[in-house]
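What follows is a short report on a single structure.
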Amino acid sequence: MATLHSPVVNKEDNQKISTERLTPQTAYHVPLWKALTGLIMSYVIVGAFFIAHGAIGFAEKGVAARIIFFHVPCAVLSSIAYFVGFFYAARYLLKLKSEKIKPFLDDYRSAAAMELGFLFCLLATITGSIFAGVQWGSFWNWDPRETSIVVMLLLYASYLLLRAANSLKPELRARLSAVYAVVALVPAQFLIWAVPRILATMHPTTTLTDPRMTSLSYKMVLYPAFIAFVLLFIWLMQLRVRMMMLWEQHRHNAQQTMETDYR
Amino acid sequence: MTHRMILMLVMAVPLVVWFGLFFYLLIIDRAMHRLENNQEGNDSI
Amino acid sequence: MSGSLWYQQAVALWRKDLRAELRTRVALGSMGVFALASLMLIALSMLSLKDEVFVDALGHSHLAWDNPAKMALLWVLFCFAAFAGLSHSFVHEESTGTAQNLRLFMSAHAVYAGKLFFNFTVLGAIMLVITPIYMLLTGMQVGGIMVFVPIMVWGGMSLAAVATTVAALASRAHTSGALFGAIGLPMLIVLLVLIMQAAKLCYSAHIDTISIVKDTGGLLSYGILIITLSALSFHFVWED
Amino acid sequence: MKISLIIKQKQVNNHSHFIPWQQVVRTQTGLRLCPLNTLRLQISNLGHRYGGRKLFQGVNLDAAAGTVVAVLGTNGTGKSTFLKIVAGLLTPWQGTVSLSLDGAALTGEKRRHIIGMTAPDMALYQELSGAENLEFFASLRGLNPDTAMLRSSLEKVGLKGRGRDLVSDYSSGMRQRLRLAVAQLGSPRLLLLDEPSSNLDAAGIEIVESVLNQHREAGHIVLIATNAPHEMEWGDVHLQVAQL
């Protein structure tokens with residue numbers, strides 16, 4: 001789709017298409033990795049109930065806190081999504097500077113990553129709140145990680161707000177939101193790394209960094225859970241980007257029709 | 001009802017939700033695949 | 001004729017903005033009135049908290065309305081005051097059409113530097129007036145002056161940097177006023193957390209080196225990073 | 001969209017062996033000498049669009065020192081946009097604009113400092129006086145804005161004695177004159193005038209004409225976007241931006 005913004009339509013092409021329409025379309029096969037996503041996620045759901053054994057330190061001894069397998073991947077993805085969004089935003093700006101082209105694909109990827117970041121952030125907040133209600137006795141405790149995830153949610157929301165406010169001018173919208181994604185990397189970094197460390201937290205901090213802290217049965221479910229969620233993230237992002245491109249193509253076609261019709 | 005059966009029933013809820021989501025995504029994927037194929041050479045709908 | 005360097009242009013812009021500001025007093029007036037009104041509001045509403053005591057998890061009891069709490073509310077006040085007035089610098093240029101001339105005459109980073117220092121000047125003036133009145137009304141103490149002054153100065157600088165960047169982003173959109181507050185606040189919350197963490201150093205008796213580095217380092221690096229990234233990407237916002 | 005370049009007079013001779021320090025420029029009044037520099041504005045295949053709307057496409061121009069180009073076209077064909085692209089305020093959708101002096105391409109700050117522009121939508125600061133506006137823009141150009149310099153440039157556009165008044169108290173004609181003074185600061189080698197004599201009286205129009213002649217004689221390039229017949233007359237070269 002490198003020629004997204006300059007497709008030249010001429011008469012010959014139109015002729016060709018009308019004959020091509022009669023030929024059968026390429027069939028849809030489920031890609032392997034998408035099928036794998038479905039399988040691994042199903043394994044995680046079954047495993048959360050029948051493989052993982054109870055862990056020490058939970059409110060009720062010997063109970064496998066199953067929400068962990070959904071809460072932790074969501075929370076991790078909500079910060080990874082920002083990095084993905086930042087990466088594509090920065091690439092968009094660099095391309096704009098060096099190649100003097102309008103790399104809209106990177107803008108779409110950045111936006112899709114931010115939207116999914118918002119979604120996973122929301123899921124992490126909800127699952128976390130449920131878990132906190134069971135484990136700590138209150139659904140909201142203003143634990144530093146709880147605070148930072150809410151601010152992170154606000155950050156994603158304001159990115160999407162900035163995009164919505166400029167939706168009439170796609171080129172300006174792409175530039176402004178890319179700049180915001182780059183600048184807001186600073187607060188996002190502080191939210192992900194610094195704030196939970198500066199302030200005292202009730203969250204266990206070494207579960208992921210120190211493998212000795214988790215039992216084998218936990219690892220056997222938790223690590224596939226990460227894989228499943230990352231694959232799901234990639235899938236959703238791919239769908240969203242494709243949707244944006246189709247929408248852009250549709251808008252472009254409508255414009256072409258307008259220009260030829262009202263000549 | 002044994003503990004195991006209760007677990008099975010509880011497990012069924014996320015499993016069913018996930019299957020629903022999975023097939024929903026597959027349907028969208030397939031629809032988009034079709035649209036993209038339609039669009040490839042067709043610039044004047 | 002060789003033209004002028006970017007910092008000379010930035011100083012010229014700063015002087016022009018200051019001259020126009022002293023003539024119309026839009027930013028200073030709105031921020032000043034806003035800050036004074038909220039100052040009164042805070043002082044009045046916190047009267048009842050004066051003798052309140054809370055017990056922390058370790059069993060120690062503290063005054064609820066202590067110096068760090070007063071400092072936190074002072075900074076909340078500054079944040080809102082900054083967001084009431086500092087958007088003016090860019091929105092005014094865009095809405096009156098003078099921005100085109102600036103684009104023709106100045107480089108983007110000169111514009112950013114000039115606007116940043118102008119905003120810092122205005123915010124600094126407000127802070128200089130409001131802080132003594134606030135301390136008088138609430139009885140907030142300075143604590144360690146060697147920590148207090150740098151925190152006030154650098155906190156103000158970081159606040160001005162966030163406000164300048166967000167104002168530049170918001171001024172390009174149709175609904176700049178509403179957008180300015182909404183997209184700036186998440187960035188401000190993080191800044192506030194860092195400032196409050198650093199401000200605790202003013203009032204703690206035993207300060208070890210590690211906590212100084214940890215608490216002021218966060219604030220310092222936050223400001224530096226925001227200014228650097230904004231300066232690097234500003235021309236994408238400014239130019240067409 | 002079709003662009004036609006109509007050359008009314010003979011183009012500038014860049015390779016004059018006989019008078020190496022001056023070049024011959026032929027204008028309405030006949031032959032004329034101007035200082036030799038090889039300031040050159042080259043525009044090739046320029047096109048622009050707003051959103052999905054095409055404004056113009058395939059505009060070409062090669063103007064040498066001492067040329068006044070009249071950019072013509074009906075409303076909405078993008079004359080103002082064209083000037084903004086030449087000024088570097090807009091990135092064109094396609095095509096290039098290059099400006100070179102003595103064979104060396106001018107970019108970045110160097111380019112910025114040799115361009116002056118007036119346009120109806122380029123406003124001045126209402127809360128400052130005319131002289132203060134001039135002083136600010138002069139200091140941006142790196143000039144030393146002393147009283148004598150401000151007075152002379154105000155005098156040149158017929159605003160003598162009005163420099164201390166706020167721009168908000170100016171009439172629209174006076175604002176146009178002040179814009180002209182701002183655009184001329186530092187005697188820019190490339191002057192872009194978008195409807196320069198709008199809101200101006202007869203005396204003001206004469207000022208614009210004398211400004212044009214000055215720049216022509218100094219070997220500068222001037223682009224005027226216009227619809228007015230008397231402004232079209234000023235151009236040595238006509239560049240038609242027409243809508244099909």
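Letters A, B, ... are given to chains in the order of the sequence lines, protein chains preceding strands, and every chain is numbered from 1.
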Which residues satisfy the ring-ring contact (aromatic ring centres under 6.0 Å, His included) test with D/H215, sequence neighbours excluded?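 Partners of D/H215 by the ring-ring contact (aromatic ring centres under 6.0 Å, His included) criterion, ordered by chain and then number, come out as D/H220.
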CA sep, side-chain torsions, deciding dist, call: C/R103, C/E94, salt bridge (charged side-chain N to carboxylate O under 4.0 Å, His left out): CA-CA 11 Å; C/R103 284 190 191 106; C/E94 290 286 351; 2.8 Å; yes
Contacts of [range] with chain D (heavy atom under 4.5 Å):
range                       : answer
residues 145-161 of chain C : none
residues 110-131 of chain C : none
residues 14-32 of chain C   : C/R15, C/K16, C/R19, C/A20, C/R23, C/T24

Please classify the contact between D/K84 and chain C as side chain, backbone, both or neither, with a heavy-atom cut-off of under 4.5 Å.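 Looking at D/K84, just its side chain touches chain C.
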Under a 4.5 Å heavy-atom cut-off, does chain C meet the side chain of D/Q126, its backbone, both or neither?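 Nothing of D/Q126, per the 4.5 Å heavy-atom cut-off to chain C.
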Distance-only, no hydrogens or angles: does the [X] side chain make a donor-acceptor pair with backbone N or O of [Y] under 3.5 Å?
X      : Y      : answer
C/Y134 : C/L73  : no
D/N45  : D/T96  : no
D/S129 : D/E132 : yes
C/R172 : C/W238 : yes
D/R177 : D/V157 : yes

Grab the two heavy atoms, one from [X] and one from [Y], that are nearest each other, plus how far apart they are.
X      : Y      : value
C/A12  : D/S139 : CB-OG, 3.5 Å
D/N133 : D/L128 : ND2-O, 3.8 Å
D/K79  : D/V71  : CD-O, 3.5 Å

How are the rings of D/Y125 and D/F137 set relative to one another: parallel (under 30°), tilted (30 to 60°) or perpendicular (over 60°)?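 Rings of D/Y125 and D/F137: parallel, as their planes differ by under 30°.
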What is the ring orientation for C/F78 with C/W75, classed by angle as parallel under 30°, tilted 30 to 60°, or perpendicular over 60°?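 Judged by the thresholds at 30° and 60°, the geometry between C/F78 and C/W75 is perpendicular.
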Start with the C-alpha gap between C/T96 and C/T98, add the side-chain angles, then the distance that decides, and say whether side-chain hydrogen bond (donor to acceptor under 3.5 Å, both in side chains) holds. CA-CA 6 Å; C/T96 55; C/T98 48; 3.3 Å; yes
Chain C: which of D/E135, D/M122, D/R112 shares the most heavy-atom pairs with it under 4.5 Å?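 Highest number of pairs under 4.5 Å: D/R112.
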Can you confirm whether D/R151 is buried at CZ, in the sense that more than 12 heavy atoms of other residues, nucleotides or ligands lie under 6.0 Å from that atom?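 Count not over threshold, so no.
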